[in-house]
Protein chains: 2
Amino acid sequence: MLKIAQIQFNPKLGDCDFNLEKITTFLKMASNSDLIVLPELANSGYKFDNIDHAKSIANTKSCINYYRFLANFSKDNNVSIVSGYLEKDGDDLYNSSLYVSPNGIFGKYRKIHLFMDEKNIFKPGNLGLPLFSIKNYKFGILICFDYLFPEIWRIMGLKGADFIVHPSNLITQNAYKVVPAQAIMNGYYVITSNRIGTEGDITFCGNSFVSDTRGNIISEMEGNTEGVKFTTINPLLSRNKMITTGNHIFDDRLPDNYEELLDYKA
Amino acid sequence: MLKIAQIQFNPKLGDCDFNLEKITTFLKMASNSDLIVLPELANSGYKFDNIDHAKSIANTKSCINYYRFLANFSKDNNVSIVSGYLEKDGDDLYNSSLYVSPNGIFGKYRKIHLFMDEKNIFKPGNLGLPLFSIKNYKFGILICFDYLFPEIWRIMGLKGADFIVHPSNLITQNAYKVVPAQAIMNGYYVITSNRIGTEGDITFCGNSFVSDTRGNIISEMEGNTEGVKFTTINPLLSRNKMITTGNHIFDDRLPDNYEELLDYKA
């Protein structure tokens, strides 16, 4: 079993010091768990004016030190953490998520599918679709708009993910229709941690949720409140891929029929 | 615009004469439409005892003549029809769907992903994932349990399907979670025609429905009644793949990240 703590909050655009203070408060509230999951871009806020604006935020000391900040909290409190964050690598920015754990295991995923104006700010993720480990379980990370691309959910399932962690800055209800379907089709849990608040013309819709391996929403936060929600999941249930007594959702695939998937050119 | 007529009914296992009579009644009720959609295995019923039982049904005259029966009705009434049916080809059985239209266009899809005991009766479909045309629109056919495999929905979207016709014998509510997600991810309509009734220990759940291109259920039949339901769809909406002003659901795919999809071996 794995005790998950989801943090839903309202980061302040560009004010990393403020955000890290707020995150600290919530991390303390959430620390009695195995894995804490924060939203996308938790340290920076979302709606940058342009790439220079985003870079100026990425260059602040507290933004640069976000990894160290999380790793220290993880070690000091014996809890693992996944958090979306603003990442600067050389001259490039990525919309990334970090994984830190008290035993020093470290992981990173860079968002592949960029939403709207993110295309003017970030490079698409170039680290592939790694899995990470916690206890005896494996998980993958996808970020927000990635939810719309069944290919990557499927790959993570086929590679053996027991659950997907999904830091988000969602603004529509589409994910509530699509994410549980990904859970059913791949037989794993999904933990979607969303933010709240408004930046410019964008309002984030909260409702952080956990989908079980059969697409049932087993935990859901409110639409417009900050807080921490605990949910215990049993990732061993994800190892059972028999959706009926006669159907294994992966072994029943017939990939000879799927080759056209890679034919389409944009 | 396309006027769809869904037929939801209770076929009688093994009694093709009875079924064709019943289907005739419903086809007449449905004929003032562009496309009539019947459930899976509409002419034969579902729960065969074994392959010999299924073959004995497939060999009856009314079962063999189902194509001719549908083609004649189509021509006489100037309406296109998709129907699931029991298909015998040489010594093999397929869980198939026919498409007939008044101008003589004919199409066939053989169910690829077989459910439970179907594996003891049918061969997996070997005709790939064809698209068919009606007016100026293109559509694909998937059958019932195929709904769980995102690969084939995606391929039909990438090939230009404006809608998917989905003859079914559904027994759980999972499809109601998964099918609208396929519609959103691929930006097309889905028409799911389900049967009702009980055969042995299986009860079929009705609730035939239509999902629009954004995953909204725009039409739904009751759980346990026979009948015809008309729904007008605008397949031109499926040509707009911009899910935001900055995101094209197909062109935003980054297939370099998807190659692992074909790696998994059962």
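Each chain gets a letter, A, B and so on, in the order the sequences are listed, and its residues count up from 1. Please read these numbers as outputs of a predicted model, since none were measured by experiment.
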Given heavy-atom pairs under 4.5 angstrom as the criterion, report whether the side chain, backbone, both or neither of A/P150 touches chain B.
both
Kindly provide each donor-acceptor pair between chain A and chain B shorter than 3.5 Å, listing atom names and distance.
| residue | atom | partner | partner atom | Å |
| --- | --- | --- | --- | --- |
| A/H113 | NE2 | B/Y258 | OH | 2.6 |
| A/L114 | O | B/N247 | ND2 | 2.9 |
| A/M116 | N | B/N247 | OD1 | 2.8 |
| A/K119 | NZ | B/G246 | O | 2.7 |
| A/K119 | NZ | B/D252 | OD1 | 2.9 |
| A/K119 | NZ | B/D252 | OD2 | 3.0 |
| A/E151 | OE1 | B/R154 | NH2 | 3.3 |
| A/E151 | OE2 | B/R154 | NE | 2.7 |
| A/E151 | OE2 | B/R253 | NE | 2.8 |
| A/E151 | OE2 | B/R253 | NH2 | 3.0 |
| A/R154 | NE | B/E151 | OE2 | 2.7 |
| A/R154 | NH2 | B/E151 | OE1 | 3.3 |
| A/K159 | NZ | B/E260 | OE2 | 3.0 |
| A/K177 | NZ | B/N216 | OD1 | 3.0 |
| A/N216 | OD1 | B/K177 | NZ | 3.0 |
| A/G246 | O | B/K119 | NZ | 2.7 |
| A/N247 | OD1 | B/M116 | N | 2.8 |
| A/N247 | ND2 | B/L114 | O | 2.9 |
| A/D251 | OD1 | B/Y264 | OH | 2.8 |
| A/D252 | OD1 | B/K119 | NZ | 2.9 |
| A/D252 | OD2 | B/K119 | NZ | 3.0 |
| A/R253 | NE | B/E151 | OE2 | 2.7 |
| A/R253 | NH2 | B/E151 | OE2 | 2.9 |
| A/R253 | NH2 | B/L261 | O | 3.0 |
| A/Y258 | OH | B/H113 | NE2 | 2.6 |
| A/E260 | OE2 | B/K159 | NZ | 3.0 |
| A/L261 | O | B/R253 | NH2 | 3.0 |
| A/Y264 | OH | B/D251 | OD1 | 2.8 |

Whatever's closer than 4.5 Å to a heavy atom in chain A on B/L262 counts as side chain
Cut-off 4.5 Å, heavy atoms of chain B, and the answer for A/F145 is side chain
Please state whether the side chain, the backbone, both or neither of A/I243 comes within less than 4.5 Å of a heavy atom of chain B.
side chain
To the nearest 0.5 Å, what is the distance between CG on B/L254 and CD1 on A/I112?
7.0 Å
